[in-house]
Amino acid sequence: MIRLAKPQDVEQIMDIINVIKKEMKKENNPQWNDSYPLENDFMNDIKQNALYIIEENNKIKAFASITEDLEDDYEHVNNRTKERSLVIHRLAVAQNDKKKDAFRNYFLLQ
């Protein structure tokens with residue numbers, strides 16, 4: 001099931017994020033680190049009704065922040081179109097669900 005995230009989901013979200021951060025560190029990928037993303041980033045997403053989760057049996061399988069807000073890094077995209085654009089931020093899939101295509105099966109095929 002896909003639904004908007006709630007504040008009580010943040011603990012599970014951070015558990016997933018911390019596993020991913022460790023993987024990224026091992027692979028020398030600096031995109032996510034000790035200072036990003038943080039619990040506050042997800043709480044802000046929740047306040048903006050922008051954080052969606054995939055959940056099965058009360059367990060979060062994947063999540064993503066989907067918003068119209070373009071960060072500075074995406075400004076070149078905004079210059080290419082005047083139409084409404086959605087941006088996906090902080091997309092993550094739980095370690096045990098990576099090979100199950102959780103994100104694709106729920107977000108892209110629904």
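Rounded to the nearest 0.5 angstrom, Asp45 CG and Thr67 OG1 are separated by 8.0 Å. The CD atom of Gln95 lies 4.0 Å from the CD atom of Glu23; values are rounded to the nearest 0.5 Å. Lys6 NZ to Ile46 CD1: the interatomic distance, rounded to the nearest 0.5 Å, is 10.5 Å. If you take CE on Met14 and CG on Leu38, they are separated by 6.0 Å, rounding to the nearest 0.5 Å. To the nearest 0.5 Å, the span separating CD1 on Ile53 from CD1 on Ile13 amounts to 6.0 Å.
Grouping the Ile, Leu, Val, Met, Phe, Trp and Tyr side chains by contacts below 4.5 angstrom, directly or via other members, places Met24 apart from Val19.
Scanning both residues, Asn58 and Gln12, for their nearest heavy atoms gives O-NE2, 3.3 Å. Across all their heavy atoms, Ile17 and Ala92 have their closest contact at CD1-CB, 4.3 Å.
With Phe63 as the fixed residue, the side chain to side chain contact (heavy atoms under 4.5 Å, CB included) test singles out one of Leu91, Ile54, Ile16: Ile16.
In this structure a side-chain-to-backbone donor-acceptor pair under 3.5 Å is present from Lys21 to Pro37. Although no hydrogens or angles enter the test, the distance criterion places a donor-acceptor pair under 3.5 Å between the side chain of Asn29 and the main chain of Gln31. Of the possible donor and acceptor atoms, none in the side chain of Glu55 sits under 3.5 Å from a partner among the backbone N and O of Ile60.
Around the CD atom of Gln8, the shell of radius 6.0 Å holds more than 12 heavy atoms that belong to other residues, nucleotides or ligands.
Side-chain contact between Val87 and His89 is present, with at least one heavy-atom pair separated by less than 4.5 Å.
Arg90 and Asp41 are not joined by a salt bridge, as no carboxylate oxygen comes within less than 4.0 angstrom of a charged side-chain nitrogen. By the 4.0 Å N-to-carboxylate-O rule, Arg3 lies close enough to Asp9 to be salt-bridged with it.
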